[in-house]
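Here the structure is laid out as structure tokens; the discussion comes afterwards.
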2 protein chains.
Amino acid sequence: MRKAVLTYGLLGGALIALLQAVQYRYLVVDHSLEIYGGLVALIFVALGIWLGLRITGRRERVVVREVTVPGPPEFTRNDAKVEALGLTPRELEILEFIAAGLSTREIAERAFVSENTVKTHSSRVFEKLGARRRTQAVQLGKAFGLIP
Amino acid sequence: MRKAVLTYGLLGGALIALLQAVQYRYLVVDHSLEIYGGLVALIFVALGIWLGLRITGRRERVVVREVTVPGPPEFTRNDAKVEALGLTPRELEILEFIAAGLSTREIAERAFVSENTVKTHSSRVFEKLGARRRTQAVQLGKAFGLIP
DNA sequence: CCGGAAATCATCCGAACGGGTGACGCGCGC
DNA sequence: GCGCGCGTCACCCGTTCGGATGATTTCCGG
């Protein structure tokens, strides 16, 4: 910015010097009015440039660049999706157990219910998710942000 | 840009009209030189402003603010673990299919092999991973960095 | 050329899974 | 109180899965 102004200033000065040199060689004194006008014009053009830059100011554009960091994303459950699918807390819990790689029996033990109950819950999870297999339920569950 | 020029033009015109009105009321003709000079100055200031904006362009200082976003970590296969477990490329491929939630039959179709072959591969994957179920294999595979 | 790893396909069988259906109790809101 | 959602449990049946085992082909390195 300052460099630009300086450049224009020097350029203007050079031009004036040139004009003067030219004037004294080829022009007579009665052209002084035009030359004076030209100088005034030059000066005020320079002033205008300075003013223009001054007034408008430099505008800053803030560019927000999102940088994906390799770190593990903290998991936040997609409650909206849970709501939309109509998944109950218990069903979500069983889905997590399934995703952990547990068998029906193991889930039953950890959840303190019978295997039949686990099967019922998982069946409901499957139909709500539109899955036909445990692995598919897990895949969909992760894709929907239901489980970490 | 054009709007700015227009604005300055109109402003200049208005000023000139004002000056003329003022001139004819309070100033005598022998002040015409100063007025002329002022007008010239005004015009060239306007020109200068326009030129300044034109030449230097709208200089924008781009401030890049990097915001770390919790985005998904890019996956890089843990080849050392693959080596250590002795998993073959084909087995790894079948593991990925399993993780995608596909059934044995679907995997067979996509891999252009028989279901029996898929079963053989998956069995080997299970014993190498120490898994007893598909879901467990998927869980371990992800934990080991074998699959995304 | 020969041995071994990898990939392919097969058969058998028991266990696990998925789908369907029915039922019961509990708490909550109309 | 009645209905409803939720959680619980049960039985049946067909499918899929997992485990064990054996065989063949292909390719690569010693």
Side-chain angles (χ1 to χ4, degrees), chain A residues 77-144 146-147, chain B residues 77-144 146-147:
Chain A
R77 170 158 292 123
N78 188 344
D79 291 311
K81 196 72 189 178
V82 173
E83 193 74 14
L85 292 173
L87 283 172
T88 70
R90 200 58 163 164
E91 288 163 357
L92 213 47
E93 195 182 347
I94 266 62
L95 178 56
E96 285 173 0
F97 278 129
I98 290 176
L102 302 181
S103 69
T104 300
R105 182 163 302 168
E106 290 169 336
I107 297 173
E109 290 169 359
R110 278 167 182 69
F112 305 105
V113 292
S114 79
E115 298 183 33
N116 290 312
T117 304
V118 174
K119 288 184 61 177
T120 304
H121 283 314
S122 58
S123 281
R124 294 201 197 290
V125 170
F126 293 155
E127 65 178 320
K128 286 175 181 177
L129 283 181
R132 306 183 64 78
R133 283 167 289 286
R134 285 160 103 87
T135 50
Q136 194 180 8
V138 171
Q139 192 268 324
L140 290 172
K142 288 185 183 278
F144 289 158
L146 310 177
I147 48 179
Chain B
R77 172 159 290 125
N78 188 346
D79 292 310
K81 196 73 187 175
V82 173
E83 193 73 15
L85 293 173
L87 282 172
T88 70
R90 200 56 162 164
E91 288 163 357
L92 214 47
E93 194 182 348
I94 266 62
L95 178 57
E96 284 172 1
F97 279 128
I98 289 176
L102 302 181
S103 70
T104 300
R105 181 163 303 169
E106 290 169 335
I107 297 173
E109 290 169 358
R110 278 166 182 70
F112 305 106
V113 293
S114 78
E115 298 183 33
N116 291 311
T117 304
V118 175
K119 287 185 61 179
T120 303
H121 284 313
S122 57
S123 282
R124 294 202 197 290
V125 170
F126 293 156
E127 64 177 317
K128 287 176 182 176
L129 283 182
R132 307 185 63 78
R133 282 166 291 285
R134 286 160 102 87
T135 49
Q136 195 179 7
V138 170
Q139 191 268 322
L140 289 173
K142 288 187 183 276
F144 288 157
L146 309 177
I147 48 179

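The structure presented is a predicted model; accordingly, all values stated were derived computationally and were not measured. Computed from heavy atoms alone, side chains included, the values below leave out hydrogens, waters and symmetry copies. Order of the sequence lines sets the chain letters (A, B, ...), proteins ahead of strands, with each chain counted from 1.
- Residues A:Thr104 and A:Arg134 have side chains that bring a donor and an acceptor to within less than 3.5 angstrom of each other.
- Not one side-chain nitrogen or oxygen of A:Arg90 sits closer than 4.0 Å to the OP1 or OP2 atom of D:dC6.
- Not one N or O on the side chain of B:Glu106 forms a donor-acceptor pair closer than 3.5 Å with the backbone of B:Leu102.
- One finds a side-chain N or O of B:Thr104 lying less than 4.0 angstrom from the OP1 or OP2 phosphate oxygen of D:dC17.
- Contacts of B:Thr120 with the nucleic acid, taken as non-hydrogen atoms under 4.0 Å apart, include base atoms.
- If you check every strand for non-hydrogen atoms under 4.0 Å, B:Thr117 touches a base.
- Between B:Phe126 and A:Thr88, the residue anchored closer to the 5' end of DNA chain D is A:Thr88, taking for each the nucleotide with the nearest heavy atom.
- Here the side chain of A:Lys81 pairs no donor or acceptor atom with the backbone of A:Leu146 at under 3.5 angstrom.
- The interatomic distance linking B:Arg124 (CZ) with D:dG18 (C1') rounds to 14 Å, in whole Å.
- Minimum atom distance to the side chain of B:Ser114 is reached by C:dA10, of the listed C:dA10, D:dG19, C:dC17.
- DNA chain C is contacted by both B:Lys119 and B:Ala111; B:Ala111 maps to the nucleotide lying nearer its 5′ end (nearest heavy atom per residue).
- At C:dA7, none of the side-chain N or O atoms of B:His121 fall inside 4.0 Å of OP1 or OP2 (strictly under the cut-off).
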